Amino acid sequence: MSVSKASVELPILDISQPLSPSSLSLLADACRKWGFFHIKNHGISKDIYNKLHSFSNEIFSLPSETKLKIGPLSSLNTYTPHFIASPFFETLRVSGPNFLASAQSSADFLFNQKSPHQFSEILQDYGDKMTELSRKIIKNILMSLGEGFDTTYHESHFKNCHGYLRINNYTPPETLGEDEEPEGLGMHTDMSCVTIVYQDQTGGLQVKSSAGDWVDIAPCDESESEALVVNIGDLLQAWSNDKLRSSEHRVVLRRPAINRFSIAFFWGFEDEKVVSAPEEVVGDGGKKLYKPFVCSDYLKFRENDERGKFEKVGFTVRDFAGNAITKDFEEK
Ligand SMILES: O=C(O)CCC(=O)C(=O)O
Ligand SMILES: [Fe+2]
């Protein structure tokens, strides 16, 4: 196992403003080289994260048998317990666009109460904000990809995108040697167009460089609120004909062995969308690197056959729809 040596320097984009040409070019570089960047001034306060964290802790602290009421064998299936993705990882899924109803149905099962729960209301607000941010992000990414691409493709290709949230709790083993870095979440790529991640100050998120080394994506404190991590997912990599990189990433656990909390928002195409790079995006003389595919067929490919198992770790859109000529990403 290679141990990370460095922390990658990613641009921190001010998402509340139209991006200047120089910021767009930083964005384009980051998307090509790492598929990761940060955003600030995203409109979500530390207070919201503190509330989400403490509500989530309440849920994750419940006895396992209670949590399993919404586990993989239940009708709801919104909770993934330990020992599925890893021994140290559990996660709660909240589906959009009605985040409130989704969170509330989990809460009702867990707490046997029907009254509106502040947790669900905050999650609705959070999900709405993430959806809005994703639209802004994709607009900027399209602008960074080519002149006028945002007006050509934003509405026509990304209008029906939708998203869901995953609230993640990492519990490291109690005894952890100095050099031990167990994987809390194994290497994978995201199936989304874009993913927006809040990570707490614990650290441990890593991206694989094109040279094959793991490098840290350090938590980034922007005083008023943490900067959020954004990464490109497989759907956008395929749509952009590899102009945008969906990088392999993972989460490792380190000493001091404290719980790590993160919230990921995955925003992607509607199930029935046929994903195929537009000619103009492929560019003159370029070859299409992927066969057109139906979005939901790819999502199914990534799910394990066994009910309740986590998405296959390690398989990507290249394995699914890549032509043999798919190129490797260069570190420029
Ligand atoms: O917990 C994190 O920081 C990242 C989680 C992640 O990569 C995922 O849920 O896909
Ligand atoms: Fe991920």
Side-chain angles (χ1 to χ4, degrees), residues 4 7-8 10 31 34-39 42 44 49 52-53 56-57 60 78-82 84-96 123 126-127 130 134 137 163-172 181-209 214-221 225-237 244-254 257-268 298-299 302-304 309-317:
S4 86
S7 173
V8 59
L10 299 174
C31 289
W34 295 106
F36 273 83
F37 56 94
H38 280 115
I39 55 168
H42 43 70
I44 308 198
Y49 285 114
L52 284 174
H53 197 172
S56 306
N57 272 342
F60 290 124
T78 47
Y79 170 71
T80 304
H82 292 126
I84 288 185
S86 97
F88 317 114
F89 176 86
E90 57 184 329
T91 186
L92 181 70
R93 183 186 163 119
V94 182
S95 306
L123 281 168
Y126 189 77
M130 288 293 128
S134 301
I137 289 166
Y164 68 93
L165 292 163
R166 228 162 34 204
I167 305 175
N168 303 321
N169 186 38
Y170 299 81
T171 311
E181 292 196 342
E183 282 182 346
L185 189 58
M187 176 175 90
H188 66 282
T189 58
D190 290 351
M191 293 180 269
S192 55
C193 282
V194 290
T195 305
I196 307 178
V197 180
Y198 163 79
Q199 64 166 333
D200 69 10
Q201 287 297 316
T202 315
L205 177 61
Q206 298 187 318
V207 59
K208 203 173 208 180
S209 74
W214 286 111
V215 281
D216 286 345
I217 297 187
C220 167
D221 195 346
S225 60
E226 321 301 320
L228 296 171
V229 178
V230 181
N231 66 285
I232 309 287
D234 287 352
L235 295 175
L236 199 56
Q237 174 175 296
L244 303 164
R245 176 177 179 188
S246 171
S247 297
E248 286 159 327
H249 55 283
R250 68 174 185 177
V251 176
V252 295
L253 307 173
R254 298 189 172 124
I258 48 168
N259 271 45
R260 177 178 187 276
F261 172 70
S262 71
I263 311 178
F265 176 74
F266 303 91
W267 191 73
Y298 177 54
L299 306 189
R302 284 282 298 266
E303 278 165 13
N304 271 339
K309 280 259 174 140
F310 216 62
E311 293 92 0
K312 274 181 194 167
V313 162
F315 286 91
T316 71
V317 72

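Residues: numbered from 1 along the sequence shown. Quick caveat, the model's predicted, so the values are computed rather than measured. Whatever order the structure lists ligands and atoms in, that order sets their numbers, starting from 1.
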Run the side-chain hydrogen bond (donor to acceptor under 3.5 Å, both in side chains) test against Asp200 and tell me which residues pass, sequence neighbours left out. Thr202

Is there a donor-acceptor contact under 3.5 Å from the side chain of Ser262 to the main chain of Gln199? no

Check whether His42 reaches the backbone of Met130 with its side chain - one donor and one acceptor, N or O, closer than 3.5 Å. no

Which word best sums up how the rings of His249 and Phe36 line up, parallel for under 30°, tilted for 30 to 60°, or perpendicular for over 60°? perpendicular

For Asn259, check side-chain contact (heavy atoms from CB on, under 4.5 Å) against everything at least two apart and list the hits. Asn169, Thr171, Pro172

Listed as residue and atom, the protein N/O/S atoms under 2.8 Å from the Fe ion (ligand 2) are His188 NE2, Asp190 OD1, His249 NE2

Do Asp234 and Thr189 pair up side chain to side chain, a donor and an acceptor below 3.5 Å, judged on atom types alone? yes

Hey, does the side chain of Ser86 reach the backbone of Gly184 with a donor-acceptor pair shorter than 3.5 angstrom? yes

Ring centroid separation for Tyr170 and Phe60, is it under 6.0 angstrom? no

Inventory of protein N or O atoms under 3.5 Å from ligand 1 N or O:
residue, atom, partner, partner atom, Å
ligand 1, 1 (O), Tyr170, OH, 2.6
ligand 1, 1 (O), Arg260, NH1, 2.9
ligand 1, 1 (O), Ser262, OG, 2.6
ligand 1, 3 (O), Arg260, NH1, 3.2
ligand 1, 3 (O), Arg260, NH2, 2.9
ligand 1, 7 (O), His188, NE2, 3.2
ligand 1, 7 (O), His249, NE2, 3.1
ligand 1, 10 (O), His188, NE2, 3.0
ligand 1, 10 (O), Asp190, OD1, 3.2

Any salt bridge between Arg254 and Asp216, counting N to O under 4.0 Å? yes

